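Quick notes on the structure that follows.
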Amino acid sequence: MYGGGFIPQGDKHKRAIQDEDPEKLAAFEACIERGEKIEPTDWMPYEYRRQLTRMIEQHAHSEIMGALPEGTWITRAPNFKRKLALIAKVQDEIGHAQLLYSAAETLGKPREQMINDLLSGKSKYSNVFNYPAETWADVAVIGFLIDAAAIVNQLANAKGSYGPYARALKRICAEESFHLKQGYEAFVYLATGSETQRAMLQDAVNRWWKPIIHFFGPPDKQSIHSEKLMKWKVKMASNDDMRNQFFDQYIPKILELGITIPDPNFRKNEETGEWEFSDPDWDEFYRVIRGDGPCNAERIAVRRWAEEHGEWVRTALMKPDEKYAIPMA
Ligand code: COA
């Protein structure tokens with residue numbers, strides 16, 4: 001077992017896979033086949049641990065980074081009711097990160113290392129949070145469509161094989177469904193408002209359209225991890241299937257409000273049941289997830305600032321003998 005924060009790299013990584021005990025591997029796969037959950041103390045293949053750590057960690061980072069674009073609107077929300085809802089939502093997202101970091105820690109990677117990997121650019125987080133929230137309509141689009149996209153992904157993966165992640169996702173989905181309701185309500189309000197409000201909303205949908213398509217990951221034929229993750233029931237549907245399911249569920253809700261999709265080639269192929277769309281510029285997707293999107297540098301800088309300025313709180317809580325320590329009774 002590779003616990004205690006020990007995840008081999010390079011040649012050690014190759015050897016770790018080769019050294020896998022075939023009997024243990026067969027028993028592990030049979031357990032997954034029967035639909036049983038894998039728990040932290042169970043034996044698991046090195047690659048299962050590595051992939052899960054990567055995915056849950058990226059997911060946790062996405063939750064804290066996801067709080068940033070919406071967080072910039074807390075002070076500028078159009079009224080007190082919206083401000084209260086947004087504060088609660090942003091706080092929930094940070095809570096989701098806590099749940100997910102805890103789930104990832106059960107696989108052996110310390111939280112501090114995960115945060116360092118985020119700040120150094122080694123770990124990824126969702127592409128969508130590297131775009132600016134330019135107007136209040138962006139907050140409505142994020143709250144409705146990005147949260148809807150996250151729910152499609154998370155509801156599926158909540159049925160996955162790793163116990164701590166599946167249980168965290170179940171709880172997260174319950175809260176996300178409130179976020180979706182407040183996002184939808186804000187979206188409908190603008191869509192049924194004045195001409196200026198409708199134009200602002202349409203502009204936000206136009207700008208978020210490609211990042212939302214990218215959110216589900218590259219097309220299946222380019223996805224490098226899907227096959228293994230799906231075999232081990234970590235990922236419960238492919239990127240294209242989740243994207244398609246999102247379109248099925250939410251495109252009618254957008255169109256019925258008179259908001260249009262900014263792609264003349266977007267349509268459902270009734271024979272295949274699949275939605276077709278123009279090339280959403282996958283080069284842009286790869287640039288953004290590798291650190292070169294419109295807001296990557298700003299997001300990481302804000303996160304680093306929070307990390308540095310929050311150090312005294314961590315010291316007070318975790319190292320009671322040092323400066324700023326809270327006296328222990
Ligand atoms: N944002 C950033 N990176 C993404 C991405 C996205 N929307 N979609 C895919 N990628 C990255 C993958 O992490 C991978 O990079 P890596 O090898 O350096 O880690 C690469 O693109 C290839 O993608 P793929 O092989 O399809 O990755 P995957 O099988 O892990 O699928 C997800 C991508 C996002 C669908 C999957 O990881 C997932 O379901 N994650 C949990 C949910 C989550 O993180 N949601 C985000 C915020 S709510």
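Both counts, for ligands and for their atoms, begin at 1 and track the order of listing. What you are looking at is a predicted structure, and each value in this text was computed from that prediction instead of being measured.
Looking at F216 next to ligand 1, no N or O pair under 3.5 Å apart turns up. Here's the thing with E63: none of its N/O atoms is less than 3.5 angstrom from an N/O atom of ligand 1.
Considering CE of M114 and CD of Q58, their distance stands at 12.5 Å, rounded to 0.5 Å. The CD atom of Q222 sits 10.5 Å away from the CD1 atom of I224 when rounded to the nearest 0.5 Å. How far OG1 of T135 is from CG of D203: 6.5 Å, rounded to the nearest 0.5 Å. To the nearest 0.5 Å, atom CG of residue L145 and atom CG of residue L180 are 9.0 Å apart. Taken from CZ in F129 to NE2 in H61, the straight-line distance is 13.5 Å, to the nearest 0.5 Å.
Residue V128 does not touch ligand 1, judged by heavy-atom distances below 4.0 Å. The proximity of S223 to ligand 1, defined as any non-hydrogen pair under 4.0 Å, involves the side chain as well as the backbone. The residue M242 has no part lying near ligand 1, judged by heavy-atom distances below 4.0 Å. If you look at I56 next to ligand 1, there are no close heavy atoms at all, none under 4.0 Å. Contacts between Q222 and ligand 1, counted as non-hydrogen atom pairs separated by less than 4.0 Å, are absent for every part of the residue. Contacts between N127 and ligand 1 below 4.0 angstrom, taking non-hydrogen atoms only, involve backbone and side chain alike. Of all the heavy atoms of Y165, the ones lying under 4.0 Å from any atom of ligand 1 belong exclusively to the side chain. Here Y125 has backbone heavy atoms under 4.0 Å from ligand 1, and that is the only part of it that gets that close.
For E20 (side chain) and Y46 (main-chain N/O), a donor-acceptor pair under 3.5 Å exists by modelled atom type. Judged by distance alone, the side chain of K89 and the main-chain N or O of L84 form no donor-acceptor pair under 3.5 Å. Side-chain atoms of R287 never come within 3.5 Å of backbone atoms of D292 as a donor-acceptor pair (strictly under, hydrogens ignored).
Protein heavy atom nearest atom 34 (C) of ligand 1, with residue, atom name and distance: F215 O, 4.4 Å. Looking only at heavy atoms of the protein, atom 2 (C) of ligand 1 is closest to I289 CG2, 3.1 Å. Closest to atom 13 (O) of ligand 1, if we only count protein heavy atoms, is Q58 OE1, 3.0 Å. Of all protein heavy atoms, the one closest to atom 8 (N) of ligand 1 is G217 CA, 3.3 Å. Here the heavy atom of the protein found nearest to atom 4 (C) of ligand 1 is F285 CZ, 3.7 Å. Looking only at protein heavy atoms, the nearest one to atom 18 (O) of ligand 1 is K124 NZ, 2.5 Å. Counting only heavy atoms of the protein, atom 39 (O) of ligand 1 lies nearest to N153 ND2, 2.8 Å. Of the protein's non-hydrogen atoms, the one nearest atom 45 (N) of ligand 1 is H59 CD2, 3.9 Å.
Atoms of ligand 1 found under 4.0 Å from any heavy atom of H214 (numbered from 1 in listed order, with element): 7 (N). Those atoms of ligand 1 with a heavy atom of S226 less than 4.0 angstrom away are 29 (O). Taking every non-hydrogen atom of N157 and a distance limit under 4.0 Å, the qualifying atoms of ligand 1 come out as 39 (O). Listed by number with element, the atoms of ligand 1 under 4.0 Å from a non-hydrogen atom of L229 are 29 (O), 30 (O).
A cation-pi arrangement is absent between R299 and Y125, since the terminal nitrogen or guanidinium carbon is not both under 6.0 Å from the aromatic centre and inside a 45° cone about the axis.
Across the listed options R54, H96, Q51, M55, R54 owns the non-hydrogen atom lying nearest to atom 12 (C) of ligand 1. Of the candidates K235, R243, R290, K235 brings a heavy atom nearest to atom 29 (O) of ligand 1.
A salt bridge links R303 with E307: the distance from a Lys NZ or Arg NE/NH1/NH2 to an Asp or Glu carboxylate oxygen falls below 4.0 Å. A salt bridge does not link E57 with K122: none of the charged nitrogens is closer than 4.0 Å to a carboxylate oxygen. The residues E36 and K233 are annotated as not salt-bridged, no charged nitrogen and carboxylate oxygen being separated by less than 4.0 angstrom.
Looking at residues two or more places apart in sequence or on another chain, you find a side chain to side chain donor-acceptor pair (under 3.5 Å) between K231 and E29.
Here F247 and F266 bring their ring centres to under 6.0 angstrom of each other.
For the residue pair N206/Q202, the side-chain donor-acceptor check at 3.5 Å is satisfied. Counted by atom type alone, H59 and Q154 present one or more donor-acceptor pairs between their side chains at under 3.5 Å.
In this structure, Q154 has a heavy atom closer than 4.0 Å to ligand 1. For Y286, the heavy-atom gap to ligand 1 stays at 4.0 angstrom or more.
Contact annotation for atom 32 (C) of ligand 1: protein absent (non-hydrogen atoms, distance under 4.0 Å).
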